[in-house]
Enquirer: 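After the structure tokens below, expect a handful of questions from me.
Both ligands and their constituent atoms are indexed starting at 1 by order of listing.
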Amino acid sequence: MDAVRCGGIRKSFGTGEARVEVLRGVDFQAARGEMTFLVGPSGCGKTTLISIIAGLLAADEGKVSLFGEDLAALPPREQILFRRRNLGFVFQQYNLLPSLTAAENAAVPLLAAGMKRKTAVDRATEMLGRLGLGHRAEALPRVLSGGQQQRVALARALVHEPRLIVCDEPTAALDHKSGESVMELLSTSAVHPERAVVVVTHDNRVFHHAHRIAHMDDGIITHVDAAAVATA
Ligand SMILES: Nc1ncnc2c1ncn2[C@@H]1O[C@H](COP(=O)(O)OP(=O)(O)OP(=O)(O)O)[C@@H](O)[C@H]1O
Ligand SMILES: [Mg+2]
């Protein structure tokens, strides 16, 4: 059973003359215990695809199942709960809440799950520490650098230990050393036999962390390479 299995995904934006078909029948899998990279030129549909996988966007056609669960078959409330429990998402544009501190932002998934505020913020602060940001836990996003905001977004995706972590360009704003430590943390999550990580990236400095690299071009997956890291 794969962590992610997508078949025949199609998605268009706009109507009439302005209609653009962005995904043209995408088949994509991510195995448990693996780190799967999704790479391809700007505008080829990577963010659109992972937004559909994460349930932030609806496909026009095709199927998505996560850990064998066909989400479309679940009632809407169950879908939301499934995603809240099982999914961590890092957005290309971070999407931090401006009035919350770094630790409060990172604690959001725990608070949504009903954890007590202090316990949640303490746990989030600990995760920020693992990402080298413990000293900025009380800071608001606007005083943080792009790279620091990206690490807060990453802490938010990891804090509730979801089975599937989906990241859009998680190292784009980071120097080489911070990028490596972020990838190492993601690898640690991915090696767990019940978990998986999907990473969209242009950053060839981190390709050696991938178990598999899916290449996308113009709305389809063109080929998949088994990559540098030996699979378990
Ligand atoms: N909400 C939207 N409305 C209209 N067009 C959109 C929308 N979202 C994306 N698109 C278009 O779909 C195409 C694919 O966008 P997408 O964001 O998936 O690309 P990407 O591969 O993630 O690119 P990048 O590497 O630059 O982030 C682009 O041409 C984009 O303009
Ligand atoms: Mg994108």
Enquirer: Looking only at side-chain N and O atoms, does Asp203 offer a donor or acceptor that is under 3.5 Å from a partner on Thr171?
Expert: yes

Enquirer: Side chains of Pro98 and Arg142, heavy atoms from C-beta outward: is any pair under 4.5 Å?
Expert: no

Enquirer: Look at the aromatic rings of His215 and His223 and report parallel, tilted or perpendicular, splitting at 30° and 60°.
Expert: parallel

Enquirer: Considering only heavy atoms from C-beta outward, does the side chain of Leu23 approach that of Arg10 to under 4.5 Å?
Expert: no

Enquirer: Is it true that Ser12 and Arg19 share a donor-acceptor pair across their side chains at a distance under 3.5 Å?
Expert: yes

Enquirer: Is any side-chain N of the basic residue among Glu180 and Arg205 closer than 4.0 Å to the acidic one's carboxylate O?
Expert: no

Enquirer: Has the side chain of Asn86 got a donor or acceptor atom that lies under 3.5 Å from a matching backbone atom of Pro162?
Expert: no

Enquirer: List, pair by pair, the atoms of ligand 1 and of the protein that are both N or O and lie under 3.5 Å apart, giving the separation rounded to 0.1 Å.
Expert:
residue  : atom   : partner : partner atom : Å
ligand 1 : 18 (O) : Thr47   : N            : 3.4
ligand 1 : 18 (O) : Thr48   : N            : 2.9
ligand 1 : 18 (O) : Thr48   : OG1          : 2.6
ligand 1 : 21 (O) : Cys44   : N            : 3.3
ligand 1 : 21 (O) : Gly45   : N            : 3.1
ligand 1 : 21 (O) : Lys46   : N            : 2.9
ligand 1 : 21 (O) : Lys46   : NZ           : 2.8
ligand 1 : 22 (O) : Thr47   : N            : 2.9
ligand 1 : 22 (O) : Thr47   : OG1          : 2.8
ligand 1 : 23 (O) : Gly43   : N            : 2.8
ligand 1 : 25 (O) : Lys46   : NZ           : 2.8
ligand 1 : 26 (O) : Ser42   : OG           : 2.6
ligand 1 : 27 (O) : Gln92   : OE1          : 3.2
ligand 1 : 27 (O) : Gln92   : NE2          : 2.9

Enquirer: Closer than 2.8 Å to the Mg ion (ligand 2), what protein N/O/S atoms do you find?
Expert: Thr47 OG1, Gln92 OE1

Enquirer: State, yes or no, whether a side-chain contact exists between Gln150 and Val182 at a heavy-atom distance under 4.5 Å.
Expert: no

Enquirer: Counting distance only, does the side-chain N/O of Lys63 pair as donor-acceptor with the main-chain N or O of Gly8 below 3.5 Å?
Expert: no

